[in-house]
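To keep things clear, I will list the structure first and then write my remarks on it.
Predicted, not measured: the structure shown is a model, and the values here were computed from it.
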Amino acid sequence: MSVSSSGRMVDAAWRDLPVGCLPLGPRDLDLAATLDCGQAFRWRLADDGWWRGVIGDRAVRIRRVGDACEYQVYPSRGADGEALLRKYLRLDVDLSTLVEDLALRCSRIHPALRAHPGIRILAQPPEETLLSFLCSPANSVPRISRSIEQLCERHGALIARLDGVEYRAFPSKGTLIKLPDAEYRAAGLGWRGLGIRVVAGRLLLKPRDWLLTLRSVPYVEARAALVDFPNVGPKIADCVCLFGLLKDEAVPVDTHVWALAKELFADEAASGHLTKSLTGKTYDRVLALYQERYGPYAGWAQQYLYHWRRHGCQDG
DNA sequence: AAGGGACCTAATT
DNA sequence: AATTAGGTCCCT
């Protein structure tokens, strides 16, 4: 029998815990495409068919059962598990209506919408989102996931041990600023570790939950505040805006979205000099083109296109 | 103002 | 042995 530092029991079995159920068909939520498409790095599909993950300080698992999704949350803290999932999965967004709207705006996106109609943008804890995407420059998704997993295993607070599997929170800012270079290098982060430590330190200087409050300011304002951090350029700022701050119009322009833009906007007059490298004004021009074509949910459109490009064009 | 190189690292070719 | 992978910074 183990207890956490706060004195709460951490050993339990999922089968002893209550199961919640959300009426979400495959077209309302594609778990694999949503949890494993590069916007979140900590979800893993277990052999038993459940996706295991951590949301903030809660251990979570979720799986598809026909036209519904079952989920469990630990610790349960009353019955707010459903509220937690509703928020995290952005169930305020009616996906079938959105997909319909995006399809009307542009025919080039049709195959992407058809291939994976259930992709959702998540509402992740923004500080974790920012610190995670600092691992992304010149890196690959599998390596980012492994690095973050190692940081959490070694330095994250223990939430629970369920069926013998440990669930740990993302390391705290106080922990991250004290981590020696060797720890970051051991996690395979190379020179990116310094950026994580520096940004964690800068976050500690801000008021408590400062980043979270950016959820209630306009996109351009939140973006400007993020770009102000060292090692945070437009791409990482847009990732945090879209995946952590609920700014649905943010479009992270990476190499894939950039390449896609040249095809999608070949006709646009404004795409005149998109042929050069992706920096400064060019980034902003590409962003504007996506926003003009796809509207207030341009970020969601980007995610469909991005996933389609990276995972081939097979029908789903 | 736009373009080029450096940067840790490990899987892939 | 080279190349490459969800960029950013610094330098011409």
Report task. Identify, residue by residue, the members of residues 219-229 of chain A with a heavy atom below 4.0 Å from DNA chain C, and return them in order of residue number, or none. Result ->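 Nucleic-acid contacts, sorted: none.
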
Report summary line: Quick tally for nucleotides 8-13 of chain B: nucleotides whose base has a protein heavy atom under 4.0 Å get B, sugar-phosphate-only ones S, the rest -, giving BB----

Give a yes or no on whether a salt bridge exists between [X] and [Y], defined as a side-chain N under 4.0 angstrom from a carboxylate O.
X         : Y         : value
Asp57(A)  : Arg77(A)  : yes
Arg197(A) : Asp181(A) : yes
Glu153(A) : Arg168(A) : no

Requested in this report: Kindly work out whether a path of hydrophobic side-chain contacts (I/L/V/M/F/W/Y, heavy atoms less than 4.5 Å apart) joins Tyr71(A) to Leu84(A).
Outcome: yes

**Report entry** Set of residues satisfying side chain to side chain contact (heavy atoms under 4.5 Å, CB included) with respect to His256(A), sequence neighbours excluded
**Finding:**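 Partners of His256(A) under the side chain to side chain contact (heavy atoms under 4.5 Å, CB included) test: Asp254(A), Tyr306(A), Arg309(A), Arg310(A).
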
Report task. Select base, sugar-phosphate, or nothing to describe what Pro142(A) touches, counting heavy atoms under 4.0 Å on all strands. Result -> nothing

Query raised in the report: Checking all strands, does Ile236(A) fall into the base, sugar-phosphate, or nothing category for heavy-atom contacts under 4.0 angstrom?
Result: sugar-phosphate

Query raised in the report: Starting at the 5' end of DNA chain C, what dot-bracket string do you get if Watson-Crick and G-U pairs under 3.5 Å are bracketed, crossing pairs use [ ], other-strand pairs use | and unpaired bases use dots?
Result: |||||.||||||

Query raised in the report: Between atom NZ in Lys281(A) and atom P in dA1(B), what is the gap in whole Å?
Result: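 Distance, rounded to whole Å: 8 Å.
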
Query - All ring pair (Phe, Tyr, Trp, His ring centres under 6.0 Å) counterparts of Trp210(A), not counting sequence neighbours - result: Phe229(A)

Could you state the interatomic distance from [atom1] ([X]) to [atom2] ([Y]), rounded to the nearest 0.5 Å?
X         : Y         : atom1 : atom2 : answer
Asp16(A)  : Gln72(A)  : CG    : CD    : 9.5 Å
Leu245(A) : Leu211(A) : CG    : CG    : 5.5 Å
Ile148(A) : Phe41(A)  : CD1   : CZ    : 5.5 Å

Report task. Can you tell me which residue pairs pass the side chain to side chain donor-acceptor pair (under 3.5 Å) test with a partner in residues 125-141 of chain A, sequence neighbours excluded? Result ->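 Qualifying pairs, neighbours excluded: Glu127(A)-Lys173(A).
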
Query raised in the report: Which value, in whole Å, describes the distance between the P atoms of nucleotides dT3(C) and dG5(B)?
Result: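 dT3(C) and dG5(B) have their P atoms separated by 13 Å.
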
Query raised in the report: Which value, in whole Å, describes the distance between the P atoms of nucleotides dC8(B) and dC11(C)?
Result: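 About 16 Å, rounded to a whole number of Å.
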
